2 protein chains.
Amino acid sequence: MRRMTARPANAHQARLLRLLRDGGPNSRAQLGDRVDLSRSKLAVEVDRLLETGLVVADGLAASRGGRRSHNIRLAPQLRFLGVDIGATSIDVAVTNAELEILGHINQPMDVRDGPVAVFEQVLSMAAKLKASGLAEGFDGAGIGVPGPVRFPEGVPVAPPIMPGWDGFPVREALSQDLGCPVMVDNDVNLMAMGEQHAGVARSVGDFLCVKIGTGIGCGIVVGGEVHRGTTGSAGDIGHILAVPDGRPCACGNRGCLEAHFSGAALARDAKDAAQQGLSAELASRLETNGTLTAVDVAAAAAAGDATALDLIREGGNRTGQVIAGLVSFFNPGLVVIGGGVTGLGHTLLAAIRTQVYRQSLPLATNNLPIVLGELGPTAGVIGAARLISDHLFSPA
Amino acid sequence: MRRMTARPANAHQARLLRLLRDGGPNSRAQLGDRVDLSRSKLAVEVDRLLETGLVVADGLAASRGGRRSHNIRLAPQLRFLGVDIGATSIDVAVTNAELEILGHINQPMDVRDGPVAVFEQVLSMAAKLKASGLAEGFDGAGIGVPGPVRFPEGVPVAPPIMPGWDGFPVREALSQDLGCPVMVDNDVNLMAMGEQHAGVARSVGDFLCVKIGTGIGCGIVVGGEVHRGTTGSAGDIGHILAVPDGRPCACGNRGCLEAHFSGAALARDAKDAAQQGLSAELASRLETNGTLTAVDVAAAAAAGDATALDLIREGGNRTGQVIAGLVSFFNPGLVVIGGGVTGLGHTLLAAIRTQVYRQSLPLATNNLPIVLGELGPTAGVIGAARLISDHLFSPA
DNA sequence: CAACTTTCTCCACTCACAGGACAAAGAAGG
DNA sequence: CCTTCTTTGTCCTGTGAGTGGAGAAAGTTG
């Protein structure tokens with residue numbers, strides 16, 4: 001079938017498309033209340049959008065005491081693909097134009113296998129979603145990668161944990177393979193956009209979104225827009241100094257936050273503790289699985305294991321210290337904690353909160369919520385869909 | 001005489017006023033090149049501006065191979081007042097509409113005397129500038145205060161070093177006293193705006209401006225706009241943890257950056273060193289003046305005093321460590337170092353650079369200039385003038 | 001003095017948009 | 001069933017913003 005070819009012709013149409021995306025179906029009258037246009041002008045633009053096929057009128061809404069209104073909604077066959085490439089797994093999801101997830105697949109993977117192998121897997125996952133009847137094709141795709149991206153070109157730059165990806169034309173390659181427009185961003189930025197669109201950060205203008213997974217990153221939203229920095233590396237807080245003369249880090253320095261707390265560091269510390277006989281719980285898990293991950297630590301902590309709790313608390317303190325500095329600097333209205341390690345839950349959050357509330361300025365922390373992300377593993381793919389829809393729902 | 005009463009009627013006029021402010025006098029044709037308008041429309045808007053008196057046509061420019069152009073410039077009698085309130089002194093300056101400084105006064109003062117006493121002094125300084133014939137009145141004033149400000153209302157909030165100023169209606173009071181529109185901001189933000197307008201940060205979209213004076217603060221510019229944060233305390237980096245379990249700070253915590261390096265901390269450390277007999281140079285200065293300030297340390301360092309140099313280097317290292325974290329987080333295109341302590345010059349800058357280049361990500365530091373501010377003590381007042389002119393040169 | 005440039009003005013035409021009149025469609029009440 | 005009121009959507013005209021071309025004004029160059 002024919003995919004979305006048209007783009008909004010002007011800012012009004014773009015505005016209307018975003019309103020329909022974020023607010024669901026609406027009558028012309030309801031749209032008129034939210035947009036600063038006369039009824040006549042609005043009708044013209046809606047008609048033009050109907051002509052392009054980007055929106056459709058389906059059926060009449062219930063009467064609100066007068067003539068029944070026509071429901072205007074985004075074309076129901078529109079499909080966006082959201083791809084979230086992590087260090088060790090891939091998430092792929094299909095959404096409709098309202099960015100609701102219609103299907104979602106997660107598969108293990110190793111980014112270090114390089115872009116070619118990873119893309120093959122992404123394409124097969126996308127094909128599987130298509131085959132299940134959720135989409136006949138994609139009108140656009142957003143993709144997040146775990147490293148800095150030159151945003152305008154959609155190309156990763158100098159990604160530390162992604163050897164082989166440096167300079168790979170992700171946007172162009174994926175766009176060719178999928179046959180639709182593609183936008184690329186850092187995975188952390190997409191998580192922030194996801195939480196902004198459908199999660200805890202709705203209606204917050206300035207916020208930070210800290211993602212603790214294999215590494216640590218931070219999405220920065222200023223005035224509703226993601227801040228990517230001069231070279232696309234903004235938010236790369238994993239290598240901020242957390243412990244003077246601390247542990248050696250892969251980056252060559254010592255005491256980086258990531259060397260002291262992250263999925264990888266936690267797994268290593270848990271293994272050490274198990275081998276030193278500090279925790280029977282962890283030791284038995286190590287013996288069973290042959291290795292330990294953050295999930296094991298979470299489980300041990302949930303079971304009340306003191307060592308596991310200590311590790312989490314210690315890591316939360318480190319992370320909280322760094323976040324405290326960022327809060328003083330940036331003065332956000334909200335801090336969201338997300339990523340794989342959020343399984344550590346309340347213990348982690350409490351440690352982070354303690355540090356931030358203790359160390360940052362009262363003025364900056366007085367009304368500052370520090371909360372877990374609401375969307376879990378879907379934040380990234382929703383953010384990815386949002387990224388491409390923002391692009392497509394803007395004037396051509 | 002009658003002051004500026006008119007405001008630009010639309011975005012085009014505002015754009016033109018800012019072009020004339022930043023680019024100096026221009027012909028209609030030159031303006032047409034910089035603004036996306038047809039010659040006819042441009043002529044209409046320029047004519048309207050001429051009618052309001054905001055701009056004037058004075059004389060003909062030299063020919064560029066054809067008919068000579070009329071020079072269009074901002075009304076020459078327009079005057080802005082820039083006020084920069086520091087912890088220990090006040091700077092007041094008059095500028096023309098192009099934000100060129102026509103007169104500048106600096107006087108010692110203590111913010112802790114409270115807003116009433118300080119305003120009295122500001123008004124007498126403004127009167128002195130008027131009396132010298134530089135201005136017959138002011139069309140607008142910008143004022144910077146050394147603490148967080150609720151920007152929309154122009155009111156300081158919970159300023160640690162300014163007891164008595166909390167909630168004082170600075171904007172309203174000064175506006176009444178001066179009889180012109182007033183805008184209030186944090187002094188550090190104004191310094192950033194000053195360097196952006198006329199200093200080293202011209203044409204840089206994202207940059208940080210670290211001001212080291214009595215305290216330490218940081219102006220944050222994102223996409224050309226100052227980021228003030230949710231409660232107006234963004235950039236308050238003086239209380240970021242620099243030394244775990246370090247020196248007690250006035251804020252109640254330990255190890256804050258400001259407790260280890262700032263004008264106040266440097267003076268204290270220098271005094272300690274002098275009294276412990278570590279430096280003859282500093283000791284003799286202490287005896288002569290009865291006290292020591294950052295200026296003494298700068299002079300001693302310039303004279304080759306090893307203790308003074310050590311103090312500066314140590315402070316620069318601490319500051320550099322904190323800035324390194326901010327650079328990783330924010331990924332700016334430029335870092336400007338300014339404030340009273342810049343008299344410490346190259347030694348300080350070298351220490352900061354070393355830490356940042358060593359600790360931040362290569363991607364973030366590869367093309368990152370770290371430089372001293374270009375405007376010195378005038379950055380604040382220029383920024384203040386810029387603040388109010390941005391306000392006045394925007395659609396009413 | 002002729003030919004060419006640059007600057008500025010004038011005018012007619014287009015298009016975006018507002019807002020009123022009105023038609024369509026339903027609810028509420030007698 | 002009919003009248004009245006409300007809500008929704010359409011049509012039409014007037015206004016003002018903006019474009020682009022023609023041409024006048026005022027230079028330079030050879």
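These numbers come from a predicted model, not from an experiment. Reminder, nothing fancy here: chain letters follow the sequence lines and each chain counts from 1.
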Protein-nucleotide distance (A:Arg28, atom CZ; D:dC11, atom P), rounded to Å: 10 Å
At a cut-off of 3.5 Å, list every protein nitrogen or oxygen paired with a nitrogen or oxygen from nucleotides 27-30 of chain D, distance to 0.1 Å.
none

Contacts of type salt bridge (charged side-chain N to carboxylate O under 4.0 Å, His left out), residue B:Arg48, not counting sequence neighbours: B:Glu45
Qualifying residues under side chain to side chain contact (heavy atoms under 4.5 Å, CB included), relative to A:Ser40, sequence neighbours excluded: A:Ser38
Where protein sits on nucleotides 11-19 of chain C, one letter per nucleotide: B base, S sugar-phosphate only, - none, heavy atoms under 4.0 Å: B----SSBB
Sorted by number, the residues of residues 14-21 of chain B with heavy-atom contact under 4.0 Å to DNA chain C: none
By ring-ring contact (aromatic ring centres under 6.0 Å, His included) - contacts of A:Phe138 (at least two apart): none
Residue pair A:Gln30 / A:Ser69, side-chain heavy-atom distance below 4.5 Å: no
Residues in side-chain hydrogen bond (donor to acceptor under 3.5 Å, both in side chains) contact with B:Asp185, at least two apart in sequence or another chain: B:Asn189, B:Arg228
Which pairs would a plain distance check flag for residues 175-184 of chain B, meaning a side-chain donor or acceptor within less than 3.5 Å of a matching protein atom at least two apart in sequence or in another chain?
{"unit_1": "B:Ser175", "atom_1": "OG", "unit_2": "B:Cys180", "atom_2": "O", "d": "3.0"}

With B:His70 via ring-ring contact (aromatic ring centres under 6.0 Å, His included) - residues at least two apart: none
Residues that A:Phe207 engages under ring-ring contact (aromatic ring centres under 6.0 Å, His included), provided they are two or more places apart: none
Contacts of B:Asn96 that satisfy side chain to side chain contact (heavy atoms under 4.5 Å, CB included) - sequence neighbours left out: B:Arg79, B:Glu98, B:Glu100, B:Leu102
Pairing residues for B:His104 by the ring-ring contact (aromatic ring centres under 6.0 Å, His included) criterion, not counting sequence neighbours: none
